[in-house]
Amino acid sequence: MWGYLTLLPIFLALWAIAGVWIVFMIAVVNSTVNLNQGFPYISVCGSYPPQSCIFSQVLNVGAAMAAWICIVRYHQLRDWGVRLWLNQLTLWSGLICALGTSIVGNFQEKNQKPAHLVGAFLAFLAGSVYFWLQLLLSWRVKSPPQPGAPWIRPLRLSLCLLCSLLIVAMIVLHLWPLRSASAACEWALAMLLFTLFGLFAVDFSDLDGCTLCLRPRPGLGPPPASPTASQVQLSQALSPHLPHTCGGSGLEPPGGPPR
């Protein structure tokens, strides 16, 4: 039985891929993009209402899920003995990718083009760096045995190579300018990055869940006692001959006090 952490990367990939293509279809139907004039960039499809609202929601939810996945992966690699600085570098590159994705969704190209381009740069470039670092870490980790079939690593290597080639091709074709070809590279790059996030389902297949653990800052004393607990302790100090209460709740044991 798969846990929810296994399903999270799959849901992210399906959510993002389906979301951006739904935005594309709406843009074509309401004629905010004209395919006769060329194939549009993802950002052009999501620049006009009503699909701009869906575009923002899709990328914001996707960015939140991507950040969650990066944090879980960070703790998993930490438990596998990965060096702290390299693990933190990988984590921050993933979080920057998620931040860039959210910026792309919230600052549409039509309204805030400079901020939009910065977000796209962070999303694509930091995302590619993140998965290259993940590939490096997967090769360096010797134990415990990593989940998944032996072909997972070569698949990730192929996808990372394609992502790097598509980034270069997208920039060169945009400057050429061959905008339709550049837009096609952008769509392919986005699909590959979503797929790479989805492949984390393999790594999370041996995880049952995660818990949040809070640690007090060094040098701080114990947390203050609640008023109820303080009242019970004071009552016991003033009346040592009375029986102790159950669980500090102020209730007597079953059957009442002994006679």
Side-chain angles (χ1 to χ4, degrees), residues 12-49 51-52 54-60 62-63 66 93-136 154-199:
L12 168 59
L14 295 177
W15 168 271
I17 293 173
V20 293
W21 282 109
I22 288 173
V23 169
F24 170 80
M25 289 187 291
I26 296 174
V28 171
V29 169
N30 62 21
S31 300
T32 51
V33 297
N34 187 355
L35 295 181
N36 294 324
Q37 298 177 356
F39 193 71
Y41 288 98
I42 301 174
S43 304
V44 174
C45 297
S47 293
Y48 301 91
Q51 64 267 19
S52 61
I54 302 174
F55 185 67
S56 297
Q57 189 69 8
V58 166
L59 293 190
N60 283 328
S93 62
L95 295 179
I96 290 173
C97 172
L99 174 63
T101 304
S102 179
I103 292 174
V104 169
N106 292 322
F107 297 87
Q108 284 88 15
E109 183 184 26
K110 178 176 176 288
N111 301 319
Q112 292 289 336
K113 189 172 183 178
H116 180 87
L117 293 177
V118 169
F121 175 80
L122 294 177
F124 287 136
L125 190 62
S128 180
V129 170
Y130 176 72
F131 287 109
W132 274 114
L133 289 173
Q134 286 291 339
L135 185 65
L136 171 65
L155 175 61
R156 281 184 170 143
L157 175 60
S158 302
L159 295 179
C160 287
L161 286 172
L162 283 175
C163 286
S164 299
L165 292 175
L166 286 170
I167 289 175
V168 175
M170 179 180 65
I171 296 173
V172 172
L173 292 172
H174 181 81
L175 298 175
W176 201 274
L178 296 172
R179 300 298 168 84
S180 293
S182 177
C185 291
E186 183 195 44
W187 280 89
L189 175 60
M191 297 304 107
L192 290 180
L193 290 176
F194 296 149
T195 302
L196 282 167
F197 270 109
L199 284 177

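Scope of the values below: all heavy atoms of this structure, side chains included, with no hydrogens, waters or symmetry mates.
Once rounded to the nearest 0.5 Å, the distance linking NE2 of His116 with OG of Ser47 reads 6.5 Å. The CG atom of Leu135 lies 8.5 Å from the CG atom of Leu161; values are rounded to the nearest 0.5 Å. Considering CG of Leu166 and CD1 of Ile171, their distance stands at 11.0 Å, rounded to 0.5 Å. Atom CG of residue Leu192 and atom CG of residue Leu162 lie 6.0 Å apart, to the nearest 0.5 angstrom. Leu189 contributes atom CG, which lies 5.0 Å from atom CZ of Phe124 (distance to the nearest 0.5 angstrom). Here the CZ atom belonging to Phe131 is positioned 12.0 Å from the OG atom belonging to Ser164, to the nearest 0.5 angstrom.
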Open item on the list: Using side chain to side chain contact (heavy atoms under 4.5 Å, CB included), reason through Met25 and Ile22 one step at a time and then give a plain yes or no.
Closed with: CA-CA 5 Å; Met25 289 187 291; Ile22 288 173; 4.1 Å; yes

Open item on the list: For a side chain to side chain contact (heavy atoms under 4.5 Å, CB included) check, start with the C-alpha distance between Phe194 and Leu12, then their side-chain angles and the critical distance, and finish with the verdict.
Closed with: CA-CA 7 Å; Phe194 296 149; Leu12 168 59; 5.8 Å; no

Open item on the list: Apply side chain to side chain contact (heavy atoms under 4.5 Å, CB included) to residues Leu159 and Leu199 and explain how you reach the verdict.
Closed with: CA-CA 11 Å; Leu159 295 179; Leu199 284 177; 3.9 Å; yes

Task: Working for ring-ring contact (aromatic ring centres under 6.0 Å, His included), residues His174 and Tyr41 - done: CA-CA 11 Å; His174 181 81; Tyr41 288 98; 5.8 Å; yes

TODO: Mind running side chain to side chain contact (heavy atoms under 4.5 Å, CB included) on Val20 and Trp187 for me, showing each step along the way?
DONE: CA-CA 9 Å; Val20 293; Trp187 280 89; 4.1 Å; yes

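Remark: the backbone N or O of Glu109 is not paired with any side-chain donor or acceptor of Gln112 at under 3.5 angstrom. With hydrogens and angles ignored, the 3.5 Å screen pairs a side-chain donor or acceptor of Ser182 with a backbone N or O of Met170. In terms of modelled atom types and a separation under 3.5 Å, the side chain of Thr101 and the main chain of Ala123 share no donor-acceptor contact. Side-chain atoms of Ser102 do not come within 3.5 Å of backbone N or O of Ala98 as any donor-acceptor pair. Judged by distance alone, the side chain of Arg156 and the main-chain N or O of Gln134 form no donor-acceptor pair under 3.5 Å.
Here the closest heavy-atom approach between residue Ser128 and residue Leu193 is recorded as N-CD2, 4.3 Å. Minimum interatomic distance between Trp15 and Gly62 (heavy atoms only, all atoms of both residues): NE1-N, 3.9 Å. Across all non-hydrogen atoms, the minimal contact from Pro40 to Leu35 is CD-CD2, 3.7 Å. Contact between Phe55 and Gly105 at its shortest, heavy atoms only, is CE2-CA, 4.1 Å. Minimum interatomic distance between Val104 and Gly119 (heavy atoms only, all atoms of both residues): CG2-C, 3.4 Å. Scanning all heavy atoms of the two residues, the minimum distance from Cys97 to Ala126 falls at N-CB, 3.9 Å.
Neither side chain, Asn106 nor Ser56, offers a donor N or O lying under 3.5 Å from an acceptor on the other.
Side-chain contact between Val28 and Phe24 is present, with at least one heavy-atom pair separated by less than 4.5 Å.
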